[in-house]
Structures are given as C-alpha cells and as structure tokens.
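Okay, so here's the structure we're looking at.
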Amino acid sequence: MRVMIVGSGGREHALACTVARSDAVETVFVAPGNPGTAAEAKVTNVDLPPDDFEALASFAERRAADLTIVGPEAPLVAGIRDHFDACGLKCFGPSRAAARLEGSKSFAKRFMARHGIPTAACEVFTDAAAAERYIRGRGAPIVVKADGLAAGKGVVVARDVEEAVEAVGHMLSADRFGEAGHQVVIEDFLVGEEASFICICDGEQAVPFASSQDHKPRDEGDTGPNTGGMGAYSPAPVVTPAVHDRIMGEIVNPLIRGALADGMPYQGFLYAGLMITPDGSPSVVEFNCRFGDPEAQPVLARLRSDLAELCLRAVDGRGLEGATLEWDTRAALGVVLAAGGYPLDYDKGDAIAGLDDDLPDTKVFHAGTAVSDGTVVTAGGRVLCVVGLGEDIAAAQSLAYQRVATIHWRRMTYRRDIGFRALQRAIG
Ligand code: AMP
Ligand code: GLY
C-alpha cells in the first residue's frame with residue numbers, strides 16, 4: 001500500500017511512523033512533512049502545501065497513493081475530503097460538513113443540543129453589549145470562545161466578569177481572530193479533570209483509541225497561557241472502564257448516530273476533548289475533526305494494529321465492524337520542547353543539539369523544525385515532542401525526561417511535570 005499523509009507537525013510525524021511500521025505499506029509520502037519525517041525509513045517528503053487540494057490530489061493520482069490521511073484541521077474544514085471524493089481518490093478524514101464540528105463551535109453546540117450530548121450550557125453572540133449583559137447575569141468563572149478556527153488561541157477561561165467582558169471585546173470588536181471571532185460562544189465553566197478521547201470512525205461506528213491526557217497551559221501545575229499542548233500521556237487513569245463506557249454511550253455513539261441522521265456521516269478521526277466531573281460524568285469541552293497533537297505521539301507509540309489498513313477500511317466501504325485495536329500494554333508519555341517565547345512571539349533558527357543520541361524506548365518527534373545549512377534548527381513554537389515508553393506513567397515519564405536532558409538549543413523550554421495528575425492518582 002502507498003499512503004500519503006497531509007501535514008507537517010508532530011502529529012503527522014507520528015502518523016507517518018505508525019503507518020510505515022506495517023509490512024503492507026511500501027511507501028509513505030508526507031506533504032509537506034518535516035526533517036523528522038524525512039529521516040524515517042519508507043517515508044518521503046513531498047513539497048506540497050496542505051491547502052493546495054488540486055496539487056495534492058494530482059500527486060496522489062500520479063503516484064498511485066491508495067489512501068491519503070489528513071492530519072490538521074484546516075484542510076478538513078476547507079473540504080479536502082470532498083475534493084478527493086470528487087476526484088475518486090480515497091481520503092481518510094471527515095467531509096467539510098462533518099468537520100464543522102470543529103470548525104464552528106456554535107454549530108457543534110447546536111449539534112450537541114439536538115442530539116442530547118452533554119456539554120456546558122451556552123449562548124452565542126454577535127453583539128458585544130448583549131454578550132456583556134449575559135456575562136454579568138451569569139457570573140464568573142465563565143468561558144469565552146471565538147466561534148471558528150483560531151489555532152488553539154480562541155478560548156479564554158475568565159476568572160472574573162471583567163476578564164470575560166474584555167475577551168468578548170477583543171474577539172468581537174478588535175477583530176483579533178478575523179472570521180473566527182465574528183461570533184462568540186459563552187459557556188459555563190466546567191469543573192473536573194480533562195481527558196482526550198479519540199476514535200477512528202467509518203460513518204456508522206467508532207472504535208476508540210487508548211485514552212490520553214494533554215497539558216494545555218504553558219506552565220507547570222497547569223498555569224499560564226493556553227497553548228496547543230505542552231505534553232501528553234496515555235493511558236489517562238481518569239478514564240476508568242466505567243467512564244470509558246459512559247463516554248461511548250453518552251457522547252461518541254450519539255455523535256455518530258446524530259451525524260448520520262443529519263446527513264453528514266462522520267468518517268475520520270474524532271477527537272472529543274472532555275471534562276470528567278468529580279462524579280465521573282463526561283461532558284464535551286470541544287470536538288476536533290482530527291487526531292490530537294501532542295496526543296498522537298504517545299497514543300500512536302502504543303498502537304500495535306495496522307493504522308493504514310483501518311483507515312482504508314473506514315472509507316472504502318468495508319467498514320470497521322468487528323475491528324479492535326491492539327495496544328502495547330506499557331504507558332507512553334510525551335514532553336513538548338518549545339521555543340523561547342512560545343506561545344507568543346517565539347525564537348526561530350536556533351541549531352538543535354542532541355537529536356542523534358539514541359535511548360531505547362524513546363522517540364523524538366519533530367514538529368517545528370527545518371534544515372538550514374545542513375543543520376536541524378527550530379522553526380516553530382512547539383519544536384519537538386520526546387516520548388518515552390515504560391511499565392507505567394512514572395517509568396515512561398522518567399525515560400522521556402532522560403532523553404530530553406540530552407537535547408539543547410538556545411532558550412529551549414519545557415514543562416517538567418508532564419503526567420503529574422496521573423502520578424498523583426497513582427499515589428492516591
Ligand atoms: P478548547 O480549545 O475549547 O479545548 O479550550 C481550551 C481549554 O480551555 C480547554 O482545554 C480547557 O482547559 C479550557 N476550557 C474550555 N472550555 C471550558 C469549560 N467550559 N470549562 C472549563 N474549562 C474549559
Ligand atoms: N492537544 C489538543 C489538540 O490537539 O487540540
């Protein structure tokens with residue numbers, strides 16, 4: 001099988017490695033990929049941008065790719081799946097219609113209300129004065145979200161009413177998020193522990209991946225500004241077998257049935273960002289129409305099943321009936337190494353040392369890197385994700401940080417407490 005992966009981040013590096021592990025896969029193209037994917041066996045980077053659907057489809061056709069797997073949300077929300085369908089090419093990822101579950105938070109909220117999926121109560125506003133009245137009536141803490149895609153930067157969890165009103169002002173009036181900010185969703189603050197629950201879906205059923213947990217805030221103890229994710233681990237102990245069953249029964253299966261009933265069958269990775277309340281009730285914080293990043297790096301490091309074959313089955317009519325996923329029973333934990341300044345303006349172009357050191361049961365995934373004069377340099381906010389595999393979260397954590405200690409660049413930064421919630425639980 002020949003597979004094309006669309007995207008260039010750490011998630012796509014993990015997808016490419018996972019797909020390449022299968023004996024049935026002879027070649028993996030990554031468009032455009034990164035220096036990490038370029039170095040993998042069987043993997044070739046292709047210099048095409050993820051938003052040029054014509055060029056991607058014509059490459060897939062010319063090079064006889066049997067399947068294309070789309071990594072990031074932007075091309076999915078813009079309709080890459082529909083374009084590939086129209087060209088008669090197999091593409092794994094939701095249609096433009098289904099990807100709106102990530103592309104528009106107000107759409108996702110209406111969908112959840114219609115299909116009885118638990119999520120925080122909310123209202124949608126285009127008018128700042130009306131939003132302010134609602135916030136003052138509702139009180140804080142309260143959460144303000146730009147409606148459209150905002151690269152993880154469109155959410156403000158406001159501790160007081162003034163902060164929420166200011167966030168609405170920024171989003172609606174100052175036009176900081178462009179199109180994404182023309183509507184805001186204001187929702188109740190949910191209390192609990194977050195978990196990421198990702199499934200592979202064929203339109204009629206969903207097969208869950210191992211659970212995971214991300215650390216979105218930049219600083220230790222889950223403080224500081226929100227980021228795309230500073231580290232993740234799998235499994236997430238907060239997702240007990242009972243919680244797992246509730247997530248499937250109350251959220252994932254109703255979504256699959258609801259999407260089908262609404263005429264937009266959901267095929268692709270489905271990411272449910274959840275809050276698990278102290279009594280074990282799951283509630284949806286957000287849906288994403290793709291795999292999580294950095295969740296993909298630790299979750300896929302544990303996957304033993306043939307991912308490309310499952311993705312192909314999901315879109316070629318065979319379906320996922322009877323499919324189960326096999327897992328390495330060990331835990332995996334990934335630490336994101338970020339450039340100084342991230343998530344605001346960050347440094348670029350710093351030479352990275354230590355990439356060639358090798359430590360068994362660890363893997364360095366590239367996200368924001370480039371090659372300059374033959375050296376790998378930083379080129380993005382989240383630069384690398386270092387994953388360790390171990391008997392439990394503590395062992396995986398210790399190994400990941402051992403590998404992190406061998407990597408350096410100017411003003412490299414990372415959190416030293418990835419996995420702390422799971423470890424607290426283990427201690428009791
Ligand atoms: P999102 O981009 O929607 O995932 O939001 C980013 C982060 O904001 C989430 O990972 C949560 O930590 C936090 N957040 C979003 N919505 C809520 C909510 N209703 N209650 C509490 N925290 C939230
Ligand atoms: N790590 C969060 C996300 O992928 O949206």
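All ligand and atom numbering here is 1-based and tracks the order in the structure. We use all heavy atoms of the structure for the numbers below, so side chains are in, but hydrogens, waters and symmetry mates are not.
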Can you list the ligand 1 atoms lying under 4.0 Å from a non-hydrogen atom of [X]?
X	answer
M275	21 (C), 22 (N)
K145	3 (O), 15 (C), 16 (N)
N226	6 (C)
K105	3 (O)
V157	8 (O), 13 (C), 14 (N)
F189	20 (N), 21 (C)

**Report entry** Which residues share a salt bridge (Lys or Arg N to Asp or Glu O under 4.0 Å) with R159, sequence neighbours left out
**Finding:**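 E163.
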Query - salt_bridge(K105, E187) N-O dist < 4.0 Å - result: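 Result for this pair is no, no salt bridge flagged.
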**Report entry** Electrostatic pair R96:D82 at N-O distance under 4.0 angstrom
**Finding:**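 Looking at D82 together with R96, the answer is no, because their closest N to O distance does not fall below 4.0 Å.
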Side-chain donor-acceptor distances from residues 386-399 under 3.5 Å, at least two apart:
residue: D392; atom: OD1; partner: A394; partner atom: N; Å: 3.4
residue: D392; atom: OD1; partner: A395; partner atom: N; Å: 2.9
residue: Q397; atom: NE2; partner: I418; partner atom: O; Å: 2.7

Query raised in the report: Looking at ligand 1, does D188 have a heavy atom less than 4.0 Å from it?
Result: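 Contact present.
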Query - Closest candidate by heavy atom, reference atom 10 (O) of ligand 1, pool E187, E194, E102 - result: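 It is E194 whose heavy atom sits nearest to atom 10 (O) of ligand 1.
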Query - Derivation of the side-chain hydrogen bond (donor to acceptor under 3.5 Å, both in side chains) call for N34 and T369 - result: CA-CA 7 Å; N34 63 38; T369 62; 4.8 Å; no
Query raised in the report: Relative to each other, are the rings of Y134 and F125 parallel, tilted or perpendicular (30° and 60° limits)?
Result: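 Tilted, since the angle between the ring planes falls between 30° and 60°.
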Query - Geometric cation-pi criterion, R11 with F291: 6.0 Å, 45° - result: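 No, R11 does not sit over the ring of F291.
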Query - F269/F92 under ring-ring contact (aromatic ring centres under 6.0 Å, His included): CA gap, chis, key distance, verdict - result: CA-CA 8 Å; F269 297 123; F92 180 78; 4.8 Å; yes
Query - Residue contacts for ligand 2, heavy atom to ligand atom, distance under 4.0 Å - result: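 Within 4.0 Å of ligand 2, the protein residues are D214, K216, G228, Y271, N288, R290, G292, D293, P294, E295.
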Query raised in the report: Do any pairs count as a salt bridge (charged side-chain N to carboxylate O under 4.0 Å, His left out) and have a residue in residues 224-237, sequence neighbours left out, and if so which ones?
Result: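 Qualifying pairs: none.
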